[in-house]
There are 2 protein chains.
Amino acid sequence: MGLAKTEIFSDNQNAIAKFAKAFAHPARVSILQHLFKIDSCVCGDLVNEIGLAQPTISQHLKELKHLGLIKGSVEGTSVCYCIDKENWTEMKKLMTHFLDQDLSNSADCC
Amino acid sequence: MGLAKTEIFSDNQNAIAKFAKAFAHPARVSILQHLFKIDSCVCGDLVNEIGLAQPTISQHLKELKHLGLIKGSVEGTSVCYCIDKENWTEMKKLMTHFLDQDLSNSADCC
DNA sequence: TTCATTCATCGTAATATTGCAATGTAACAA
DNA sequence: TTGTTACATTGCAATATTACGATGAATGAA
């Protein structure tokens with residue numbers, strides 16, 4: 001099928017899956033790390049930094065933008081992208097809460 | 001293509017993507033949350049809790065097991081699954097480091 | 001205007017993912 | 001043994017993802 005049955009899961013579960021998908025490809029991980037490292041905004045030199053074709057990078061950027069994790073603004077002929085801090089912080093809270101589930105109460109039974 | 005060019009990315013980036021993929025489906029998120037909530041190990045009643053067919057759940061469990069996030073042991077006719085705490089902790093460290101990148105140094109230029 | 005640059009979008013091919021019915025397998029019960 | 005129960009595996013259909021060449025749109029330069 002290739003189609004997830006999102007209806008039967010909670011909003012929380014779907015939200016986690018949605019954001020996790022953003023990180024589920026090394027190119028998008030790389031793009032985000034780059035936008036964090038460069039403290040001014042970065043434009044299409046992502047294409048040079050990462051070894052993928054321009055349409056491919058553009059597509060990954062579109063997905064990240066759609067999720068709200070980054071935002072872009074046109075500057076002349078180039079486009080400047082950067083992390084959307086508010087949304088990143090909110091996403092981080094969601095993911096951290098999921099990752100931080102308590103490991104202590106369950107016995108190591110397996 | 002549908003094939004990620006993993007060669008051109010760092011081990012760190014590929015590892016993050018690999019674990020993120022585990023969380024990129026609400027069924028797997030649900031399974032993990034369940035294994036955390038039930039403080040004793042859980043067997044195939046995951047099929048009842050989640051509304052997916054048995055082969056589908058079995059497949060998701062296999063993926064999580066392959067990644068090392070859960071482990072299973074046979075108990076009579078049923079199989080008991082639980083979180084692999086060591087690997088979970090290690091994965092959490094990796095993901096948290098990625099999520100915790102500093103937001104303060106970059107100006108909000110977009 | 002014309003040209004070059006930068007990026008987005010379209011179209012397409014290759015591969016991956018999701019889901020389930022059908023079937024296989026291993027353990028226990030009778 | 002035969003049956004039953006609990007999972008795993010196989011095989012397949014539907015859809016999603018990844019990647020890129022070709023092309024389009026917008027901006028600035030000449």
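A note on names: the letters A, B, ... follow the listed sequences, proteins ahead of strands, and every chain is numbered from 1.
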**Prompt:** What is the ring orientation for A:W88 with A:F36, classed by angle as parallel under 30°, tilted 30 to 60°, or perpendicular over 60°?
**Reply:** perpendicular
OP1 or OP2 of C:dG19 less than 4.0 angstrom from a side-chain nitrogen or oxygen of B:H25, does that happen here?
yes
A:K5 atom NZ is separated from C:dC20 atom C1', nearest whole Å, by 9 Å
Between CD of B:E63 and C1' of D:dA8 the distance, given in whole Å, is 14 Å
* To do: Give a yes or no on whether A:L3 and B:I57 share a hydrophobic cluster (residues Ile, Leu, Val, Met, Phe, Trp, Tyr; joining criterion: side-chain heavy atoms under 4.5 Å apart).
  => no
Taking for A:K65 and for B:H60 the nucleotide of DNA chain C with the nearest heavy atom, the one nearer the 5' end belongs to A:K65
With sugar-phosphate taken as primed atoms, P, OP1 and OP2 and all else as base, the protein-contact string of nucleotides 21-30 of chain C at under 4.0 Å (heavy atoms; B, S, -) is BB----B---
Between A:Q59 and A:G2, whichever has its closest DNA chain C nucleotide further toward 5' is A:Q59
Atom CZ of A:F23 and atom P of D:dT18 are separated, to the nearest Å, by 14 Å
Side-chain contact check for A:L52: nearest option of C:dC7, D:dA8, D:dA19 is D:dA19
- Looking only at side-chain N and O atoms, does A:K62 come under 4.0 Å of OP1 or OP2 in C:dC7? no
Value for CE (B:M95) from OG1 (A:T96), rounded to nearest 0.5 Å, stands at 10.0 Å
message = Does B:I57 reach a base, just sugar-phosphate, or nothing at all? Heavy atoms under 4.0 Å.
response = nothing
* OP1 or OP2 of C:dT17 sitting under 4.0 Å from any side-chain N/O of B:K21? -> yes
Taken to the nearest 0.5 Å, the spacing of A:N87 CG from A:K92 NZ works out to 13.5 Å
Taken to the nearest 0.5 Å, the spacing of B:I70 CD1 from B:L64 CG works out to 4.5 Å
Review point. Does the side chain of B:T56 get closer than 4.0 angstrom to OP1 or OP2 of C:dC20 through an N or O atom?
Key: yes
**Asked** Can a side chain N or O of A:Y81 be found less than 4.0 Å away from OP1 or OP2 on C:dA8?
**Response** yes
Is it the case that more than 12 heavy atoms not belonging to A:D11 sit under 6.0 Å from its CG atom? no
dist B:H66:NE2 -> B:K18:NZ (nearest 0.5 Å) comes out at 10.0 Å
Here the distance between atom C1' of C:dG19 and atom CD of A:E7, to the nearest Å, is 12 Å
